[in-house]
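Here is the structure we will look at, set down as structure tokens.
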There are 2 protein chains.
Amino acid sequence: MKIMNTAYKFLKKKGAETMDENIPKYLLIVNWVKEQLEKNNLKPGDKLNSENELSSMFGVSRQTVRHAVSMLEQEKILDRRRGSGTYICEPEVRKKSKTMNVAVVTTYIDDYIFPTIIKEIERAMSKAGYTVQIAFTHNHIERESAVLQNILDRDMVDGIIIEPTKSGIPKPNLELYEEIRRRHLPAIFINSYYPKIRIPHVSLDDQAAGYEAARYLLEAGHEKIAGIFKSDDIQGHLRYSGYTKGLLEAGLKIHDENVLWIDTEDIRNMEADRNRILRRLEGCTACLCYNDEVAFEVVKICQKEGIRVPEDMSVIGIDNSDLATHCEVPLTSIELPAQDLGRLAAENLIKLMEDSSFDAGFEFVPKIVERNSVKKV
Amino acid sequence: MKIMNTAYKFLKKKGAETMDENIPKYLLIVNWVKEQLEKNNLKPGDKLNSENELSSMFGVSRQTVRHAVSMLEQEKILDRRRGSGTYICEPEVRKKSKTMNVAVVTTYIDDYIFPTIIKEIERAMSKAGYTVQIAFTHNHIERESAVLQNILDRDMVDGIIIEPTKSGIPKPNLELYEEIRRRHLPAIFINSYYPKIRIPHVSLDDQAAGYEAARYLLEAGHEKIAGIFKSDDIQGHLRYSGYTKGLLEAGLKIHDENVLWIDTEDIRNMEADRNRILRRLEGCTACLCYNDEVAFEVVKICQKEGIRVPEDMSVIGIDNSDLATHCEVPLTSIELPAQDLGRLAAENLIKLMEDSSFDAGFEFVPKIVERNSVKKV
DNA sequence: TTCCCAAACTTGTATGTACATCTTTAACCC
DNA sequence: GGGTTAAAGATGTACATACAAGTTTGGGAA
């Protein structure tokens, strides 16, 4: 049976948690210091007891204390200053001394507005001395989990800009977002966001965008307005809610048979869904599309069917992307200021990293961009 | 005067470089081990002399040896195994324990083929467990310098994929590329490259691309073929050289008045240069364009001028980007397989990082994609 | 030959001492 | 009050010793 010596007695008195008598004395001291830090008995900048004091406190030799302290110094928890004393490192030095690296996680990159957003983020970040690390989820939940887990595991970034994947449907991995918050890792959502999670977002005011698009069609004299929305992200829900708000305000009813919900997979091959789409457009004079990509496809489908745009069918998109100008019938659209969005997301994240109390949230007010895809009746 | 003790004598005998008698003994041992490593007297996996041996070799106490060895252990140079001995770490563990991070430096991101390239790089890299850090030069030499300098300074990546900026004009900062080579930092050029610098490249065979485009026009019966090329990157030079090769082989002469050289800035606003462009096209029935972006603009300018494409003027592009299909007159073009290029660049860099002797270079054979912008006479 | 075990050797933990070197502080002088 | 200086006290280097605990190895038993 081992004799319980002074060091153990001391720890017992102080109420140490781990009382395995087989762990070496120097580790006991290491753990003791870490405990004091957690309990806030020691704060950054504080001076630790001198080696001789610790040595007599714990009833161990000064060499053993030195062993412990040198371990803690390696972990950047303590800072030894010759002649002066041993101090607790400042947290920014202690934690990870800032990597000056931020992660950007988006669903896509080759989709129309993403290159611009990413370009602006990179521009603003590199201007401020940060490097940008990217990852794409391809709008797959498992990918997003893997990417976020990887970022959290590696712990190499000072902040994150995330475009949530499939924000419109219930997700099993909200847990990871919570973990980001728990770690106080500065983060900003772009485009989508989760109302339940307290992470600020920079995005278009999507409800207002849907509303403005509806108002524009209504003011152009349309009354039978179809809508095509994306079901698996929250922008789709919000834009739909703006669409209904506009119609209801104008005293019109919402006809479910004129509303089509599609998801990420559907958008990839809308041509295949042409009959389903045409059915929903039946009897309508206008169609409010989730975005320009959808509008672009709707125009193509209509034209192949002999439905002229805008003479027989008015089409409006949202996002005001290049596609809107490249389309054979230039598309009237709602502007999503991708440049400003990227820049603001980056700038706000930078502020957030410097001052965690900064309110980094922002929503852009939608503006209509008129082109030739809507007929005024 | 200090007495020269055994440790110093030992080092003198062994021909140590630094003989400052004021540096502590444990540091002498640290330096000695590092020297042995540089001189290849010690190789990864080798067993170091035991602590007692070193202690008597240097004439110091075992504690002092332990101090030195523990420093080297911290630096991940040595690996202590209790009961067995102390060993030299394997290089991959020793060097920097791999950051599993690669840098991708391109000129643009929002230009047509870049999103695809970057997407594929990210896809392949993340599949292999790497994270991707991006930076854009906007085709500005100073930006490129700053970006590369930053990457080298931070030393946080295992490899680099670079699209050289303005590869067609003499550059002051080739020095940085040399530095990359000197550090044995795995790197791959994409799109452009410098023949003088021994860094492998993955790109289209641009000379062959120019040649194929010229052959296609020649076989379609054209003889007066104008050319518009980019002067500030090497692809422009190579594509031009393929163009001349094709014409000369067909027994035609190169008419300088039908060749237009433009640069990055010109491409931004080609509309402003319309008269200059139209002058070069005068008397020609076809125009070989540096890329689809240029071809797209040429088609627009021609149409505004009442020159029909392809009836009055055949136009051929290179890259086979989305623009080629979005153009009002779908463009015949030469395929640059952006997906394969990104994937191959990533995969080859991964191999290169694992085996520095791997030949990572690759050039794609150009293939023609026929659409409606060339008339067969 | 194969297996087991103890001896020999290795690193790990711990103590004690001594002196060097740097910083802080307080007493001192002007 | 301000500058100087020496003492006190902190960490840094270095030595010697002892025992603990894990690995390797070779000799002896089966």
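Order of the sequence lines sets the chain letters (A, B, ...), proteins ahead of strands, with each chain counted from 1.
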Gap between atoms CE and C1', on M71(A) and dT13(C) respectively (whole Å): 13 Å
dT11(C) phosphate, OP1 or OP2: any side-chain N/O from T86(B) under 4.0 angstrom? yes
Scan residues 50-61 of chain A for pairs that pass salt bridge (charged side-chain N to carboxylate O under 4.0 Å, His left out), counting only residues two or more places apart or in two chains. E51(A)-R62(A), E51(A)-R66(A), E51(A)-R80(A)
Mind checking what makes side-chain contact (heavy atoms from CB on, under 4.5 Å) contact with Q149(A), not counting sequence neighbours? D153(A), L176(A)
If the sugar-phosphate is the primed atoms plus P, OP1 and OP2 and the base is the rest, what is the B/S/- string for nucleotides 19-25 of chain C, using protein heavy atoms under 4.0 Å? --BBBS-
Winner on side-chain proximity to E51(A), out of dC15(D), dG12(D), dG16(C), is dG12(D)
Axial bend angle, the helix from dT1(C)-dA30(D) to dC30(C)-dG1(D): five-pair end segments, nearest 10°: 0°
Is there a donor and acceptor pair closer than 3.5 Å between the side chain of Q63(A) and the base of dT17(C)? yes
Thinking salt bridges, do K351(A) and E347(A) make one under a 4.0 Å N-O criterion? no
Within the structure, does a side-chain N or O atom of S50(B) lie under 4.0 Å from either OP1 or OP2 of dT10(C)? yes
Counting side-chain heavy atoms from CB outward, which of dT13(D), dA14(C), dT11(C) is closest to H67(B)? dT13(D)
Salt-bridged, R183(A) to E179(A), with N to O below 4.0 Å? yes
Before accepting this row, confirm whether a basic side-chain N of the pair E175(B)/R182(B) lies closer than 4.0 Å to the acidic partner's carboxylate O. yes
Residue list, ring pair (Phe, Tyr, Trp, His ring centres under 6.0 Å) with Y177(B), at least two apart or on another chain: F189(B), Y194(B)
Rounded distance (nearest 0.5 Å) linking atom CG of L72(B) with atom CD of Q74(B): 9.5 Å
Distance, rounded to the nearest Å, where L28(B) contributes CG and dA14(D) contributes C1': 13 Å
Length of the CD1-P vector between I29(B) and dT13(D), whole Å: 13 Å
Taking the minimum atom-to-atom distance to the side chain of S61(B), which one of dC15(D), dT13(D), dA14(C) wins? dC15(D)
Using whole Å, report how far CG of N52(A) lies from P of dT11(D). 8 Å
Quickly work out the N49(B) CG to dT11(C) C1' distance and round it to whole Å. 15 Å
Donor-acceptor contact below 3.5 Å, side chain S126(B) vs main chain E122(B): yes
Please state how far atom CZ in R66(A) lies from atom P in dC15(D), giving the value in whole angstrom units. 15 Å
Rounded to whole angstroms, how far apart are NZ on K25(B) and P on dA18(C)? 18 Å
For R81(B), enumerate each residue passing the salt bridge (Lys or Arg N to Asp or Glu O under 4.0 Å) test, keeping only those at least two apart in sequence or located in another chain. D79(B)
